[in-house]
Each structure stands twice: as C-alpha cells, then as structure tokens.
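Shown next, in structure tokens, is the structure this report addresses.
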Amino acid sequence: MTTHSTELTVGRPRRGSIGTIFESLASLVERRRLVWYLTISEVRNKGTNSLLGNIWWFLDPALQLFVYFLLVSVIFQQAQPAILLFLGSAILPWKWFTAALASATTSVRGREQVMRQIAFPHIVLPAASVLASVGNFLFALVPLGALYLLYPDRLTPWALAVLPVAVVQFLWTIPAVIALSAVAVFFRDISNFIPHGLRIWFYLSPALFPIETLRAIGARHSWFNFFVDINPFTWIFSGYRDALYYGRSPEWGALGILALASIPVTLLTIYLFRRVSPLFVKVL
Amino acid sequence: MAQRKSTRTKVAPPPILLTGLGVQYDLRLSKKRKLRDTVLRDGRHSQSGKFWALRDVDFRVEAGESVAVIGPNGAGKSTMLQVLAGILEPSVGKVEVRGKIATLLQLGAGFDPELNARENTLLVGEFLGIPHKEMVRRVPAILEFAGLGEFADAEVRTYSSGMRARLGFSVATSVEPDVLLLDEVLSTGDAAFIEKSRGRITELMKRARAIVFVTHDLDSAATFCTRAIELEGGRIVADGPAKRVIAAYKKKMAKRAATASRSGPVARRGN
C-alpha cells in the first residue's frame, strides 16, 4: 500500500500578474519534454501524407523563391544584381514566419480532444508550434546556401550574422504565435484572414524591393515612415540582407532594440494567454 | 437538499471539497448554440447568453468514500468531473482536490496517430505530468496490459478503435491515484478485455482514497459506490447512501416517463 499524498493538486489559488507569468514559464520548463514531443510530432506530420514527403521542406521554399523571381525579375524587370540572393534573403525567412502563424491557428484548436480529457498547461501547445516552425528556417538554409553557387563572390564571413538576425525573428515569432493560437480559438474566421493580412504585411516590408523604395514613399507621406519604423520586419529583412546579400555588418543597434522590445511583448502575451486559457475548454 | 456529513473534526483535509461552486458557460463565445434550446426551458439561461452548468454546489468527499454522480443528460455530471480533474476552472466558488488524480474520461485522448504505442504512452504520460523516468519504467506493463501483440510497434493510426481504447485504458489506469475520477469507461473493447478492465478498476478503487463515478448505469453505481449524489439542472438535488438515492431516482424517472406525453426513451449516454 502506498502512502497517500494530500497535496493540493486542483484548486490552487490564482496568482497575480507576475505570478501568472512566472507560473507559465515554470510550467514550460517542467513540461519541456512534452513541448519537445509535440514539436517532433508537428515536424513529422508535415512530412507525411505526401508523395515527396520530407523533400517538401526544401522544395517548398525553393519553389516560392522561383515564383517571386518570375514576378520581380521577368515580369517587372527589376534590375537588381544577384536577384535570387536578394529575394531569397528575405523570402525564405518570411516563409518561416508565415508557416509559424499558419500552425499557430491550429495549435490550440487542433488539440481540443486532449484538452477536454487531461489538465495540462496549455502554453505548451503554442510553444511547440514556435519550435516546430524553426524547422522551416533550418531547411530553408539549404536552398539559401545553394544560391552562393550562383553568386560565389557574394559570400562573406558576415553571412554568419544570419544567426543573430534569426534569433531576433524567433523572439518576435514567440508572442505572435502565442497570441494567434489563443485568438484562433475564439474567432475561427481568423484563419481566413491571416493569409491576406500576411500578404499586406509582406508587401509593406522591404522583401521584394530595397528599403529605399519604402523610404521614398515615406518622403512624400511622413506618417508612412512611422509604420515602416515600427514594423519589425523592416529591420529583420534589412538584417538578413546586410548579412547575406551586401556582405556587411547588420545594424546591431536596431536589432538589439528590437530584441529587447520583444521581451515585454512576450511576457504580456504569456500573461494574457494564461488568463484566457480557462475558457478554451468551454469554447472548443 | 444535500445532507452532508459533518465530520469536520478530522485533522486531514478531505480529498475532495467543493464550496459554493459554479461553472458558467458563455454561449456567445461557444458555438454550441444548439444548447440554447434545452437551456431556455429550465431557466438557467439569462438574457446575457450565460448559462450555469453547475450552480451552488457544495460537495465534500471524505477519505474512503466512493460517490456515484447520477442525473439526466445535461445535468452537469461531466462538467463536475472536469472541474475535479482540473480541466475546467470554476467561475465562482472553490475546488480543492488533494493527492494524485487519475481520470478515466474518454480513452485515447492525446494520442498522436503517427506515433507507435510506446511513443504514445510516453506522450500521454507527459500530458499527464508523470515524471519521464517513472513513465519509461511503466511502459512494458502498460503495453502488456493493453495486449496489442505485434501492433505495439505500429503507428496508432493503424489500430482498430478497440485497440486504441485498450491502450488508452492501460495508460490511464497505470497511475496509482489518490483520487479516481471515472466517466463510464467500464465497457471497453471485447468481452475478455471488459473483464480484465473491471478487475483493474476494482483494484484502483480499493486503493484510491476517494472515487467519483459518473454513470447512467444505476445498477453498477449501486454496487460500486457507498454514496450517491443526484444532479439536476446543475445543482445537487439528492445526496446520501448510494442505494437509497438511486432507488429514489429510479422511482422519480419512472414517474416522469409515465407522465411524459411523448414516451421517447431517455438517451443512455451524456456527452
């Protein structure tokens, strides 16, 4: 016969805002293995159920790059040297972000069954989606690296700076995925809106054209500059492009501020997620 | 109304204690608008679109008790179990459950179809918050009990629903709980497995400090449980020794069926 525990397992009193955030972070550490299992499962499930399986991890970004190459270089005839690298340094990271948001819309909603049956910290679900999305970036590095075969003279040691820039992007992916995963529970229509919203965001970021194009608009309408400045992807794309395309140092100051700014935003979304998470089981 | 035992002199806190508990659903948020029709009739539904699935529930389970929760569909039985399991948070009042909990609600929740039995066992163990090492140690016994044979290495998506349920049952009952929460799972798989699972549940019931058993099977409730509570419209309307409460409930239901103009059979299973 085992000794019985009389520890309070259900019904711990609710904590304040700091306590709530701390509790969520602690549960992520405690359930790190669950986060990891869910990550693996998400990565694996992407590869199955298709003829080419895991090849899509490479093929997907490569094809997307090709589509934009057709649009920009062949149809709009934009004269940009090493155009594929110019586009790839922004499009491939962007693919990571869109994939992360796409999986965010289903990360909580899709686990309805288990949420009804087992009490566990729901934050592990978006956390796993964030981690799984990193796979998109890692695999995109392969076609990106292959582009240097076309433009070997563009490869400089600054290409390594792609990693800190990716960290900044990762830091902003976390709150975006957590927030969207919760919102998608209450408003299913959000998954219809997301692709369009993302496309607008993409065109307002310096991805298919240099930052100067946006600044030129800003010179005529000063309010536009404000939106360019607060858009994290203005700085993230510029960072990637500096490292990969121009072969020069990214603007560390701007990236550093961006990284720091992500922290309060992330903590706030974690707090809000925890506050609305009791409603998930009721709504789903 | 409820006649609770007043054994408050005990030193150890009771395994289960609900005080003034209420669980409210906001129907504007959930898409289950169909509920509205049933809800409108019994007045639990206010103009604002809010609905009390449980209301003013005071419920105390002492160590050694096994309590059957009975009542018609939509009375709040499953909601109560979800609150006790920590899946739902109460809107008002307090819930206190002490000790390790095992919940047998629907079986096989949390399984990933692309993983095999062993991996799924570990995955569900993580969902349940069981330490990894302990879970690894339990895996052979769990797979053994589920009786999957050569399918243990195959992905769960290739399983029949019976096999899936058997694995789910084995995982869910592998813990030694202080508090056992059951929601009609005694009929799982084929006849041989039902026999085996009954044995396992009886064993767990013997060891657990407190049991809450939601069921429509009144006869097994009367044999398994020492006490019964009847829920109706989200409130406890009867509480006492299992045999007495269940007998009274049966009488009430029979009377109700007789007076009902359309004598449609009452559905056997809640959702």
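Here is the naming used below: chain letters follow the sequence lines, and residue numbers restart at 1 for every chain.
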Strictly distance-based, threshold 3.5 Å: is any side-chain N or O of [X] a donor or acceptor partner for the main-chain N or O of [Y]?
X	Y	result
A/Arg31	B/Glu126	yes
A/Lys282	B/Gln24	yes
A/Thr9	B/Lys100	no

Quiz item: In terms of heavy-atom pairs under 4.5 Å, which option from B/Gly99, B/Pro14, B/Pro15 contacts chain A the most?
Solution: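 That would be B/Gly99.
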Self-check item: Among B/Gly129, B/Pro113, B/Gly125, B/Pro90, residue most engaged with chain A (heavy-atom pairs, under 4.5 Å)
Solution: B/Gly129
Does atom [atom1] of [X] have more than 12 heavy-atom neighbours from other groups under 6.0 Å away?
X	atom1	value
A/Ile230	CD1	yes
A/Trp201	CH2	yes
B/Arg200	CZ	yes
B/Arg118	CZ	no

Nearest 0.5 Å please: distance from the [atom1] atom of [X] over to the [atom2] atom of [Y].
X	Y	atom1	atom2	result
A/Leu38	B/Phe127	CG	CZ	4.5 Å
B/Phe111	A/Gln113	CZ	CD	11.5 Å
A/Leu34	B/Leu122	CG	CG	11.5 Å
B/Leu115	A/Tyr37	CG	OH	9.5 Å

Relative to chain A, which segment of [X] carries a heavy atom at a distance below 4.5 Å: side chain, backbone, both, or neither?
X	result
B/Leu88	side chain
B/Gln82	side chain
B/Leu123	both
B/Leu84	backbone
B/Val179	neither

Practice problem: For the pair A/Arg275 and B/Glu89, find out whether any cationic side-chain nitrogen is under 4.0 Å from an anionic carboxylate oxygen. | Solution: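 Looking at A/Arg275 and B/Glu89, the cut-off is not met.
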Quiz prompt | Salt-bridge contact A/Arg44-B/Glu119 (side-chain N to carboxylate O under 4.0 Å) | solution =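 The answer is yes: the pair qualifies as a salt bridge.
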Quiz item: For B/Ala85 and A/Ala119, which heavy atoms make the closest approach, and how far apart are they?
Solution: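 Minimum heavy-atom separation between B/Ala85 and A/Ala119: O-CB, 3.4 Å.
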Self-check item: Student check: side-chain heavy atoms of A/Ile118 and B/Ile87 closer than 4.5 Å
Solution: no
Exercise. Given side chain to side chain contact (heavy atoms under 4.5 Å, CB included), test A/Leu8 with B/Glu96 step by step and report yes or no.
Key: CA-CA 7 Å; A/Leu8 195 62; B/Glu96 285 173 50; 3.7 Å; yes
